[in-house]
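Everything below concerns the one structure shown next.
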Amino acid sequence: MIKISRAVRPLACVLPAVLLAGPIQARTPVIQPPALDYPTGGDIVLPVAAQTGDETPWIYEGSDVPRDEEWLFGKMDNGLRYAVRENGVPPDQVSIRIRLDVGSLHEEDSEQGFAHLMEHLSFRESKYLKAGEAITRWQELGATFGSDTNAETSPTHTVYKLDLPNATPAALEESFKLLSGMMREPVLSDQTLAAEIPIVLAEKRERGGAAQRVAEKSRQILFTGQRLANRLPIGTEATLKGATAPAMQAFHDRWYRPENAVVVVAGDTDAITLALLVEKYFGDWQGKGPLTPEPNFGDPVAPAGADAANPVGEVAVIVEPDLPRSMTYAIMRPWRPVQDTIVYNEGLLIDTLSQAIINRRLESRARSGGSFLYAQVSQDDVSRSTDATFVSVGPLDNDWQSALRDVRGVIADALATPPTMEEINREVAEFDSIFVSQLEQADVQAGSALADNVIQAVDIREAIAAPDTVLKVFRGMKAKITPEAVLKHTRALFKGDVIRGTYLTPQTGEADERSLRAALLAAAEADGSARLAAKSISFDELPPIGEPGTIVSRASLGVTGIPEIERIEFANGARALIWSHSAERGRVSVKMRFGSGYRGFGQNDAAYISLAEMALIGSGLGDLGQEELDRISTGRVLGFDFGIGDGNFTFGATTRNADLADQLYLFAGKLAMPRWDANPVNRAKAAQRLAYESYATSPGGVLGRDLEYILRNNDERFSTPTPDELAAATPEGFRAVWEPLLKQGDVEVIIFGDFDKEQAVEALRKTVGALPPRDPIPADVAARIPSFPQGSSAVKVLTHRGDANQAAAVIAWPSGGGVAGLPESRQLDILVDVFNNRLIDAMRERAGASYAPNVGSRWPVEINGGGRVTAIAQLRPQDVPVFYAAAEAIAQDLVINPPTAEELQRVTEPLRQLINRASTGNQFWVGQLEGSSSDPRRIRMVRSLLSDYTQTSAAAMQFLAKRYFTADGAYRIAIIPEGQKLATETGSSANRAAEIIGR
């Protein structure tokens, strides 16, 4: 019997209760009949194409994998297949995916980029959508363009995606109608091509640069002789500019047909209704002309004369001065469709386990100061073109031969000698915990993820399995996972028809094809020194944090409508917020806040700030180094995310009830008994040093490197450390900076989710409550607020070393910060979304000058200032003044002429739906209530959240525009190619800006 998931509905009801300050009205779960036991007789309309009873669903043909009974499958007479299911996560949302079996591999040489261009044209105009109307129509339905409505084109498919919030019957009907028109009858005219091709060219331009050149060259080598070698989904400039309406129509007629389509829907509507909608809007779809067979994608083939025992084929050395060294070689086999049986899946699981053992050994070598920064083995079925085992290596320096030799030595040992049962058991425990966790959380898996899983299975021509099936298969095969079986599968992974490789280096003459081929042909000497001892470590063996703490107060936090949230304070000053509920079954969100955040650093600490993101947790705690932390987490659901905020530091994790106490021990242990291993610091230094030069390869890289530093008025704490600064940093200096910071500031822990409350309270007593007294944050540190640079009409010019047709432009205005200003910040978000819509319409839809211009607002909550509104676009260098003129004109128009009611509705409805969906998850409430154990204002701010984001007026928007979009407060940054001068505004650029904003 199908189990209808209503798991998150209790949380979904909390937000209205909080905002209305009324009692929680929990919905009564709706008990549905089994989806496959259809009623008969009467006037009930049923889907005619549903595959029920003993009929094998299309996705399980040739498979003995047990059917996932949550899904209802159907295959219509016209060849279209569908899969639908009811899923209430998040409530009221329905996720629709439409997959067409057409990608860049289906294109002829003259059609390169057509599959992706067709995706754009389908959104541009179609039977039920006027030209340029798509964004507006989806926003009116509450869907955010670019996240809730999107599409992707790969070498093998095109997928259209809609996550429809507030999926009322009328909204669902409208959505299916619009999507059917997009698939069946896009308007393919000279006008739509003229509007959309510049946008695609802008997207292509923004993707260009050194990294793209490397990707293209690597693809040409690794897939020599196959269609995948020279068919990128983005296409070429020549074929895109050469596209005509008749050619696009012919391409659409050839591939956009029901036999090539799969519709997948998962959401908060019964499966029968969803199936009926699919059949209604796609049932009469007929292809034009005979079905075109899929082209032959080709097989990887070794060149003549290659050694069958070690068939090294094509190799290449790629020189890019600004990119770090990296090497990839692949053992390639032809891809063939498989019979997706249980036995086949058992083999895949052993394959994956074999790779995990090797990767753990490689990681151990890298951590201990080996010749490579990283190395990894992965098997992948690539675009139905090859079944390959890839080996990726990041050499630490120009001695790439040693790095490759060391990696191949670890692999050679895995091919020569079986692993120990201790190593196997360690990975088996990891796999088992993952599969158990997936089963525990099955009821709270989002419908969008479920739909995407089916799309992925269709793409690789395999079936799907329910979480309980996966766990049963895995546990049922454990007796088969022997050292000999793992050795057999490991050897199979490293056998193939041809071996190809590429080496990327910044230095000319460092390597050539001859030396790279010779290195791959050389016999690898097995190196067993990386084999890991598998001795288990128990939390019971670890020292206590301290004497269990005393609770001095425990009471409801005071959130109206959610009395279950408790505030606990310990004698040592630590505080906790706990909320036990089963809305997200099997999940517990844990967050620890402490210390001063960026406020605590000095102007010379940038290197140690940056290094900590990779090295602080890895440097260990107590007797646990990085290897021991890995061991102690074996078979557990534990996390250790670290963050540096404006006003505090955070540890975060998603765990489960069984592991909650140990998760709290890890967090508290890092504060009470930090360890200071040198290797993680040195490894982080190497990684950042190698990556530094790559920032200069594109405008986006330069923005990532310098934007925060510049917009915080050249505050050195927010700078990206240079190689010289990294070289000067030491493990001793790292400890000197971080040791006192870990001792400072009050501690707050938030635990929201599915856990035993009293057990959690006891665990808190033994961990957070047992911490030693904390040092206060110095008053001068607590008062630090980064400033904004002085506004000016001048432009701060930076340069990059990438392509000559790439640039970026930024204009920013200072705003505010702090808890007291949260209601204003939410209203500002509405205004910024209006600004964003206008900028997209101007720079993308009308001008085709930028693929994804963006306007965003940043309002720090932990400090009373430091906020800003920022507009960014990547574009051609000559369009920089057009961007400034357009952005400034939009800002000033908002000052003079407030947005219309229609504009406000377009942004407030998606915001309403975003909040409604987000409020069904623990992370939303953690984000809203963190800090409230010491600042009750945060509680009050929750009550106004929905109204702040959805209720406004033209006058309120105009007031904020006047307050923040001042002409003398704006700061401008441009990133242009080296050797070029900044384009300046001319009459033509001003006229163009006026034209594209509709003036």
Side-chain angles (χ1 to χ4, degrees), residues 32-33 35-52 55 57-59 70-87 92-101 122-123 126-129 133-134 137-138 140-143 148-149 151 158-187 252 256-288 447-448 450-451 454-455 458:
Q32 298 283 357
L36 302 184
D37 294 342
Y38 298 123
T40 58
D43 297 326
I44 297 174
V45 179
L46 298 174
V48 298
Q51 296 174 308
T52 61
E55 184 178 1
W58 54 267
I59 203 168
E70 299 277 1
W71 287 97
L72 170 62
F73 296 91
K75 186 174 183 179
M76 297 194 289
D77 290 341
N78 63 3
L80 184 142
R81 296 159 290 165
Y82 65 76
V84 298
R85 69 178 284 173
E86 182 171 4
N87 175 270
D92 303 321
Q93 176 176 297
V94 171
S95 294
I96 304 172
R97 304 290 185 265
I98 302 177
R99 180 192 182 278
L100 279 302
D101 213 5
S122 298
F123 275 100
S126 58
K127 181 176 181 179
Y128 304 112
L129 285 169
E133 188 185 32
R137 292 288 293 276
W138 294 123
E140 289 171 350
L141 290 168
D148 296 330
T149 59
T158 304
V159 181
Y160 296 84
K161 303 179 178 182
L162 171 64
D163 293 328
L164 181 68
N166 192 28
T168 63
L172 265 178
E173 191 87 25
E174 178 74 0
S175 297
F176 271 93
K177 183 180 80 170
L178 296 179
L179 288 168
S180 71
M182 291 168 58
M183 300 303 100
R184 300 172 60 171
E185 297 183 57
V187 174
H252 182 272
Y256 276 64
R257 47 190 303 140
E259 302 95 326
N260 292 334
V262 173
V263 179
V264 183
V265 191
D268 204 1
T269 300
D270 69 272
I272 294 176
T273 297
L274 296 174
L276 288 171
L277 284 167
V278 175
E279 294 185 1
K280 175 179 178 179
Y281 285 100
F282 294 96
D284 63 347
W285 186 13
Q286 296 298 323
K288 297 179 181 179
S448 57
L450 293 168
V454 175
I455 292 297
V458 173

Minimum-distance pair of heavy atoms, taken over all atoms of [X] and [Y]:
X: D268; Y: V94; result: N-CG2, 3.8 Å
X: Q51; Y: K75; result: NE2-CB, 3.8 Å
X: V454; Y: A83; result: CG1-CB, 4.3 Å
X: L276; Y: P47; result: CD2-N, 3.5 Å
X: G142; Y: P165; result: O-CG, 3.1 Å
X: G447; Y: S95; result: C-OG, 4.0 Å

> Could you walk me through whether Y281 and E173 pass the side chain to side chain donor-acceptor pair (under 3.5 Å) check?
Replying inline: CA-CA 9 Å; Y281 285 100; E173 191 87 25; 2.6 Å; yes
From [X] [atom1] over to [Y] [atom2], what is the distance, rounded to the nearest 0.5 angstrom?
X: E86; Y: T269; atom1: CD; atom2: OG1; value: 7.0 Å
X: E133; Y: L178; atom1: CD; atom2: CG; value: 8.0 Å
X: I98; Y: L179; atom1: CD1; atom2: CG; value: 4.5 Å
X: Q286; Y: E259; atom1: CD; atom2: CD; value: 7.5 Å
X: Q93; Y: L162; atom1: CD; atom2: CG; value: 8.5 Å
X: L141; Y: D148; atom1: CG; atom2: CG; value: 11.0 Å

> Going through the checks in order, is the side chain to side chain contact (heavy atoms under 4.5 Å, CB included) test met by M182 and L129?
Replying inline: CA-CA 8 Å; M182 291 168 58; L129 285 169; 4.0 Å; yes
Flag the pair [X] / [Y] as yes when at least one side-chain heavy-atom distance between them is below 4.5 Å, and no otherwise.
X: V84; Y: T273; result: no
X: P186; Y: F123; result: no
X: M76; Y: P258; result: no
X: M183; Y: T158; result: no
X: F176; Y: K280; result: no

For the backbone of [Y] and the side chain of [X], can you confirm whether one donor and one acceptor N or O come within less than 3.5 Å of each other?
X: N87; Y: A266; value: no
X: E279; Y: A49; value: yes
X: W58; Y: Y82; value: yes

> After noting the C-alpha distance and the side-chain angles of I59 and W71, does the key distance pass the side chain to side chain contact (heavy atoms under 4.5 Å, CB included) rule?
Replying inline: CA-CA 11 Å; I59 203 168; W71 287 97; over 6 Å; no
>> Looking at D270 and R85, is any side-chain nitrogen of the basic one under 4.0 Å from a carboxylate oxygen of the acidic one?
In response: no
>> Check K161 with D163, please: is the shortest side-chain N to carboxylate O separation under 4.0 Å?
In response: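 Not counted as a salt bridge, because no side-chain N and carboxylate O are separated by less than 4.0 Å.
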>> Pair Y256, L100 - check side chain to side chain contact (heavy atoms under 4.5 Å, CB included), show working.
In response: CA-CA 7 Å; Y256 276 64; L100 279 302; 4.0 Å; yes
>> Test side chain to side chain contact (heavy atoms under 4.5 Å, CB included) on D101 and V458; report intermediate values, then the result.
In response: CA-CA 9 Å; D101 213 5; V458 173; over 6 Å; no
>> Quick one, Y128 with E174, criterion side chain to side chain donor-acceptor pair (under 3.5 Å). Give me CA distance, side-chain angles, the key distance, then yes/no.
In response: CA-CA 10 Å; Y128 304 112; E174 178 74 0; over 6 Å; no
